[in-house]
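See structure below.
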Amino acid sequence: MKRISLLLLTLVAHTAFAQSTPSQAPPKLEKIEEIAEDPITVTAKPSTEGKITEKRDNSGNVTEATVKSGPSTYTLRPNHPVGTAQPGDAMSGNNRGPQWTVLEFDIGKKKKKTTDEEAVQDNTAPPPPPAVK
């Protein structure tokens with residue numbers, strides 16, 4: 001028992017000595033040379049890059065938000081629980097993910113002519129007049 005207490009006392013003394021304060025002399029610092037470079041200019045991006053369109057119902061609640069950022073477009077809709085489920089229930093979902101717009105078809109709209117198509121149509125000769133019998 002005496003040996004264990006002596007061993008324990010030795011370990012405590014060693015730990016206390018190892019945790020003593022370091023020397024009071026400050027560390028030696030190296031001087032860094034200053035280099036004169038061209039100044040950096042930061043410009044703000046135009047605000048037309050991203051566009052957010054919100055649709056609201058009659059009471060003013062947001063029912064849909066469409067975000068266009070660069071070439072990507074996605075739609076966000078709120079998550080309405082089904083039936084009598086309350087937010088946080090097992091039956092209600094946590095989040096509703098964005099719906100990405102992959103392709104859009106413009107059925108019913110007239111197709112805009114490209115410059116190549118206009119050049120081809122302008123170079124063709126007009127059709128001959130109909131023959132009279």
Side-chain angles (χ1 to χ4, degrees):
M1 185 72 165
K2 223 177 192 184
R3 289 184 185 182
I4 293 175
S5 62
L6 183 61
L7 182 62
L8 184 61
L9 181 64
T10 307
L11 287 175
V12 170
H14 179 65
T15 305
F17 181 72
Q19 291 181 355
S20 65
T21 60
S23 65
Q24 298 299 325
K28 204 171 212 180
L29 303 175
E30 297 178 18
K31 185 174 181 178
I32 299 175
E33 296 179 22
E34 294 183 18
I35 300 173
E37 293 183 11
D38 295 333
I40 298 173
T41 306
V42 178
T43 57
K45 291 183 179 180
S47 62
T48 59
E49 190 169 316
K51 182 179 178 185
I52 300 174
T53 307
E54 292 182 346
K55 292 183 182 177
R56 297 179 181 266
D57 60 3
N58 292 337
S59 62
N61 296 329
V62 177
T63 59
E64 179 178 312
T66 303
V67 179
K68 182 168 176 70
S69 176
S72 301
T73 303
Y74 57 94
T75 304
L76 300 168
R77 292 186 177 95
N79 189 16
H80 297 293
V82 180
T84 59
Q86 296 293 320
D89 286 350
M91 296 304 292
S92 67
N94 292 337
N95 292 325
R96 185 173 186 172
Q99 295 176 338
W100 293 90
T101 304
V102 179
L103 293 174
E104 285 185 321
F105 299 97
D106 53 351
I107 299 174
K109 292 183 181 179
K110 292 186 178 181
K111 183 178 175 185
K112 294 180 180 178
K113 295 182 181 179
T114 61
T115 56
D116 295 336
E117 291 174 353
E118 290 175 358
V120 170
Q121 287 182 354
D122 292 341
N123 292 338
T124 58
V132 180
K133 289 186 180 182

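The structure presented is a predicted model; accordingly, all values stated were derived computationally and were not measured. The residues of the chain are indexed from 1 along the displayed sequence.
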Q: Quick one: name the residues clustered hydrophobically with L29, using the 4.5 Å side-chain heavy-atom rule over I, L, V, M, F, W, Y, and just say none if it's on its own.
A: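 Other cluster members: none.
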Q | Evaluation steps, salt bridge (Lys or Arg N to Asp or Glu O under 4.0 Å), between E33 and K31 | A | CA-CA 6 Å; E33 296 179 22; K31 185 174 181 178; over 6 Å; no
Q.
Could you see if I107 belongs to whatever hydrophobic cluster contains V102? Use Ile, Leu, Val, Met, Phe, Trp, Tyr and a side-chain cutoff under 4.5 Å.
A. yes
Q: Could you check L76 against E64 for side-chain contact (heavy atoms from CB on, under 4.5 Å), going step by step and ending with a plain yes or no?
A: CA-CA 6 Å; L76 300 168; E64 179 178 312; over 6 Å; no
Q. Within the side chain of T73, is there an N or O that forms a donor-acceptor pair under 3.5 Å with the backbone of T101?
A.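 It does not hold such a pair.
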Q) With sequence neighbours excluded, what pairs up with S59 under the side chain to side chain donor-acceptor pair (under 3.5 Å) test? A) D57, N61
**Q.** Interatomic distance, K68 atom NZ to T53 atom OG1 [nearest 0.5 angstrom]
**A.** 10.0 Å
Q) To the nearest 0.5 Å, how far apart are NZ in K55 and OG1 in T66? A)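 With rounding to 0.5 Å, NZ (K55) is 6.0 Å from OG1 (T66).
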